[in-house]
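Down below is the structure, laid out as structure tokens.
As the structure lists them, so they are numbered: ligands from 1, and atoms in each ligand from 1.
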Amino acid sequence: MQDTPTSDLGSLKQEIIAAASAAEDERALESVRIAALGKKGSISERLKALGSMSPEERKLAGAELNALRDGVSLALEARRAELREASLAERLRSETVDVTLPPRPEPAGTVHPVTQVWQEAIAIFADMGFSVAEGPHIETDWYNFGALNIPPEHPARQEHDTFYFYPRPGSNDRMVLRTHTSPVQIRSMETTKPPIRIIAPGRTFRSDSDQTHTPMFHQVEGLVIDETTHLGHLKGTLEDFCKAFFEVDEVKMRFRPSHFPFTEPSMEVDIGCAWEGGELKIGGGDDWLEILGSGMVHPNVIRAGGLDPEVYQGFAFGMGIDRIAMLKYGIPDIRPFFEADLRWLRHYGFSALAVPSLAEGLSL
Ligand code: PHE
């Protein structure tokens with residue numbers, strides 16, 4: 001124990017400051033602070049002892065001890081700041097992230113073939129100047145049938161295996177799950193001033209199920225409306241699409257006369273293919289595969305879309321996304337598309353990091 005509260009203050013200060021600079025981290029420094037300034041600390045004990053002094057002595061000794069306490073506090077704060085900075089520098093040094101490392105040891109998750117082909121189709125048509133349009137899955141009878149020149153008793157309705165339903169019990173406003181993406185033709189004409197060049201990829205629904213049909217499937221609709229577009233443009237557009245999509249230089253195509261109520265004339269399009277060693281080769285060969293329906297938009301449909309068929313004309317087509325995915329990637333059955341089987345997804349899925357583009361390749 002010191003003789004008086006103020007004896008040897010100089011060496012006490014030096015001792016504390018030496019202990020502070022020897023402290024290697026904030027914890028050790030905190031112990032130094034408690035030993036000096038804590039309740040039972042060396043400086044605190046001396047301050048307590050002031051109580052037993054005479055008023056004059058206390059005045060002098062008090063000033064000295066207060067100066068010591070303030071000086072030590074400042075020195076401790078300065079050392080704390082130093083230690084903090086050093087530990088931050090050390091963390092920054094040791095916690096560097098190598099941004100060139102792969103994100104995971106093994107990529108997890110794949111892009112579904114439907115998403116892949118959907119994006120491939122967008123990449124190809126966007127390059128030709130088409131934009132992407134959308135419409136609702138739940139449609140009115142008018143948009144799905146009436147406006148597309150399919151009146152209530154038309155036999156084409158039977159072929160669509162339509163899901164009908166009433167949104168409210170007891171109501172008469174029967175709705176449909178759209179059976180094709182063609183209603184987007186009408187919606188686009190209603191909202192866009194020609195020239196119109198859109199594709200509309202999306203979900204479609206028909207009450208049908210076997211190896212090549214599921215109740216929910218995907219289509220991509222195409223629509224071009226202006227004053228001069230003709231059948232030659234339709235054929236050229238679809239030929240360019242097929243070459244780009246199947247990634248071949250030449251593709252044999254056959255435009256077969258057909259019938260859709262919403263196009264006149266109507267054509268179904270087949271592409272040439274051949275079976276080579278159990279594998280389907282697209283482009284040449286003696287076999288044909290139907291891939292889409294198309295035609296020149298019927299005047300009644302242009303009128304239903306709010307445009308004058310005396311002024312405007314154009315073409316439309318509709319293609320099954322799942323179907324062309326099966327053809328391009330050799331997938332024999334459509335049902336597992338929608339079964340969420342991880343083994344199937346890993347086998348047929350695509351890398352999430354490879355975004356399809358014409359510049360970098362559609363399906364790398
Ligand atoms: N909507 C037709 C179908 O689902 C395809 C089609 C679209 C045909 C546009 C001609 C024009 O089968």
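Among protein heavy atoms, atom 5 (C) of ligand 1 sits closest to Gly318 CA, 3.9 Å.
Residue-ligand proximity: Met319 is placed with every non-hydrogen atom at 4.0 Å or more from ligand 1.
From Ile324, atom CD1 reaches atom CH2 of Trp118 across 12.0 Å, with rounding to the nearest 0.5 Å.
Close approach of ligand 1 to Phe317 is summarised as follows: ligand atoms under 4.0 Å from at least one heavy atom of the residue are 7 (C), 9 (C), 11 (C). Atom numbering of ligand 1 starts at 1 in the shown order; those under 4.0 Å from a heavy atom of Gln219 are 3 (C), 4 (O).
Both the sub-6.0 Å distance and the 45° axial angle are satisfied by Arg187 relative to the ring of Tyr143.
Nearest-heavy-atom check against atom 12 (O) of ligand 1 across His160, Gln185, Arg206, Arg178 picks out Arg206. Between the choices Phe315, Phe217, Phe262, the shortest heavy-atom distance to atom 6 (C) of ligand 1 belongs to Phe262. Among Ser294, Gly222, Pro261, the residue whose heavy atom lies nearest to atom 10 (C) of ligand 1 is Ser294.
Between the side chains of Thr179 and Asn144, at least one donor N or O lies within less than 3.5 Å of an accepting N or O.
At a 4.0 Å heavy-atom cut-off, ligand 1 touches Ser182 through the side chain alone.
Residues His218 and Val117 are not in side-chain contact: their nearest non-hydrogen atoms beyond the backbone lie 4.5 Å or more apart.
With hydrophobic clusters built from ILVMFWY side chains whose heavy atoms lie under 4.5 angstrom apart, Val132 shares a cluster with Leu358.
Using bins of under 30°, 30° to 60° and over 60° for the plane-to-plane angle, the ring pair His112/Trp344 lands in the tilted bin.
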